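The block underneath contains the structure these notes are about, expressed in structure tokens.
All of these numbers come straight from a predicted model, not from anything done at the bench. The sequence lines fix the lettering, A, B, ..., with proteins before strands; numbering per chain opens at 1.
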Amino acid sequence: MRETERVRFLPAGDGALVVDFGNRVDRRLSARVLDLSARVRGLGLDGLVTTLPTFRSLMVRYDPLKLSGESLTHTIRTLLDDLGEAQGMQKLWRVPVCYAPEFAPDLAEVAERAGLEPDDVVGIHSGTQFHVYMVGFLPGFPYLGDLPEQLHLPRRKDPRVRVPAGSVAIAISLTAIYAVESPGGWHLIGATPIRLFDPGWARPSLFAPGDQLRFDPVTAAEYESIRASVEAGRYAVPCEEIAA
Amino acid sequence: MSGQVRVVAPGLLTTVQDRGRFGYQDVGVPDAGALDRVALALANALVGNPLDMAALEILAHGPVLEVVSAPVRFALVGGAGCTVESDSGSVVLGPGRSIRLRPGERLRVNALGPFNCACLAVQGGFDVPTVLGSASTFIRNRFGGLQGRALQAGDLLDALGDAAGEHGEWALPQAFEAELDRPIRVVFGPQDDYFTEETRAAFLREPYTISPQADRMGYRLEGAKLAHSKGYDIVSDGIVPGCVQVPGSGQPIVLLSDAQTTGGYPKIATVISADLPLIGRRRAGGAIQFAAVTQSEAENIRRADATRIARLIEGLQPVVDGARLDQKALYGGNLVDGVVSALE
């Protein structure tokens, strides 16, 4: 099947189009969304405001005084062939995480519900390379997948009113890091001292959609030492370029 | 020497806002920006600024500002007017005009009347830093505007440029209406297929009321329950201000300037860009009746609306109110140039 047959163009008012690839969390689908985002941005169209990739779709925002949804749909249709097949370079981040009980209020419960020891949960979580599907909802908040099936759990019945910034959490097939303190219903299994978002940075979010990420376990003492370096502006999150 | 404004009383929620922050939605940064972009453009035009310059957005209950150091020219659009207080007494002025205040004089923004929000611009704009391309305040993450927060008593805001000269004042050619009775037009989608034909008809037929849960993120509406035909959980999708999302309760939420960038509820429809300012003008308890148009109709409506606003600005009238009028220095030429170059 050609790409164009599987893609739907949905209006979101007169300032945005949603190019929808399907209602699922899927790496191949994500690769197509991210590739299309780059291609649309690459057009350099006057009146194109921005693009917003999500798990399932690409939202393309435009200025209705300069572009029409119809002409934009026509233009984007020409970009749909062979999406997601290019093999570029990716960033692989190594995020230090402390899984000690004082940083991981839900780890014991997650382990129990999964029929595992807490150390096994840590081993699985830190032994998986994750894909940044999207950054959203809140500034700098990365949605990462895919979590191995043994750790899949629905969200908590009672969401917390306050989840501290830096909390590392899991829910369903995903894991995430809370960039700022916020309410949240995910299971907290660790914490990282790094900063994910700063409006003073040229790119305000550390992670971008399409980046790869691994969690490296650290002790509580290492967490404190990294936290001090972060606060002093002396810590750079380890990152390497890898082939996709 | 440029003018300075001291905040005597901040009002309920007075923030610095411009057109918004664009280009970082892919990393979760909301648009922010004025709820009523038309009021923002007109207030700026009245003081001769580029139309998208940052101004104060006033919600519900207005601030009291005192001019210090050098004269400042203000223009309020939306709301029900202001009171200028000086040693020689006080004068009540309607909205939709400019006014120059000397050091020591105070501008009291009166109760907003039928409006939820109003915009107060100063000649030259406010000297606030630009964060990610915009001066708009995003309170939830505490950045933009004045230290990422609403105004507080004692704050000092600098006006950019020279002190306001005595060149006469300008007014809108006609009253700026809240238009509380006008239907709010929407384009169905992106997830209108999660609702039956009957539910979509009910969404247009039934009146909705803005609930008390209404802020810059969005308004929860009360009215006919919108039943989902295939569940209310979707894999997260992008959000744009104006999206009408329907959570499990079936009570729609209209998302606005400070809305989250993504969400997992189906969006039955999206408010058209020309009508988004009308939502911002309505407050809790107000009524909303939706009407549907197509995306291409919405684009035509927006173009017509831009023409209407440009005509309003071209038609600004000099104010004749005796003591404050200086006929020597009307600056219509400059104003019209500014409008053309900054026209959206």
>> Give the interface residues of residues 126-138 of chain B toward chain A, defined by a heavy-atom separation under 4.5 Å.
In response: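 Expected list: B:Val131, B:Leu132, B:Phe138.
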
>> Report, in residue-number order, which members of residues 244-253 of chain B are under 4.5 Å from chain A by heavy-atom distance.
In response: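 Contacts with chain A: none.
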
> Using a cut-off of under 4.5 Å for heavy-atom pairs, which of B:Val235, B:Thr270, B:Asp193 has the most such pairs with chain A?
Replying inline: B:Val235

Per-residue contact mode, [X] against chain B (heavy atom under 4.5 angstrom):
X	result
A:Ala202	backbone
A:Ser68	both
A:Pro199	both

Checking [X] against chain A: side chain, backbone, both or neither under 4.5 Å from a heavy atom?
X	value
B:Ser296	neither
B:Asp237	both
B:Ile239	backbone

Heavy atoms, side chains only, cut-off 4.5 Å: are [X] and [Y] in contact?
X	Y	value
A:Leu52	B:Thr262	yes
B:Arg302	A:Leu65	yes
B:Pro30	A:Pro139	yes

>> Check this for me: does any side-chain nitrogen of one of B:Asp26 and A:Arg41 sit under 4.0 Å from a carboxylate oxygen of the other?
In response: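 Judged by the 4.0 Å cut-off on N to carboxylate O distance, B:Asp26 and A:Arg41 do form a salt bridge.
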
>> So that I can tick it off, tell me whether B:Asp31 and A:Arg61 are bridged by a salt bridge, with the cut-off set at under 4.0 angstrom between side-chain N and carboxylate O.
In response: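 Salt bridge flag = yes for B:Asp31 with A:Arg61.
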
>> Going by side chain to side chain contact (heavy atoms under 4.5 Å, CB included), B:Phe22 matches just one of A:Asp63, A:Val49, A:Thr50. Which one?
In response: A:Val49

Sequence neighbours excluded and cut-off under 3.5 Å, please list the side-chain donor-acceptor pairs for residues 185-197 of chain A, or say none.
{"unit_1": "A:His187", "atom_1": "NE2", "unit_2": "A:Pro154", "atom_2": "O", "d": "2.7"}
{"unit_1": "A:Thr192", "atom_1": "OG1", "unit_2": "A:Pro96", "atom_2": "O", "d": "2.8"}
{"unit_1": "A:Thr192", "atom_1": "OG1", "unit_2": "A:Ile194", "atom_2": "N", "d": "3.3"}
{"unit_1": "A:Arg195", "atom_1": "NH1", "unit_2": "A:Asp198", "atom_2": "OD2", "d": "3.3"}

>> Taking salt bridge (charged side-chain N to carboxylate O under 4.0 Å, His left out) as the definition, give me every residue that meets it alongside B:Arg281, ordered by chain and number, with sequence neighbours left out.
In response: B:Asp36, B:Glu179

> How close do A:Tyr62 and B:Gln295 get, heavy atom to heavy atom, and via which atoms?
Replying inline: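 Closest heavy-atom pair between A:Tyr62 and B:Gln295: OH-NE2, 3.2 Å.
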
> What heavy-atom pair brings B:Ser236 and A:Met134 nearest, and what distance separates the two atoms?
Replying inline: CB-CE, 3.5 Å

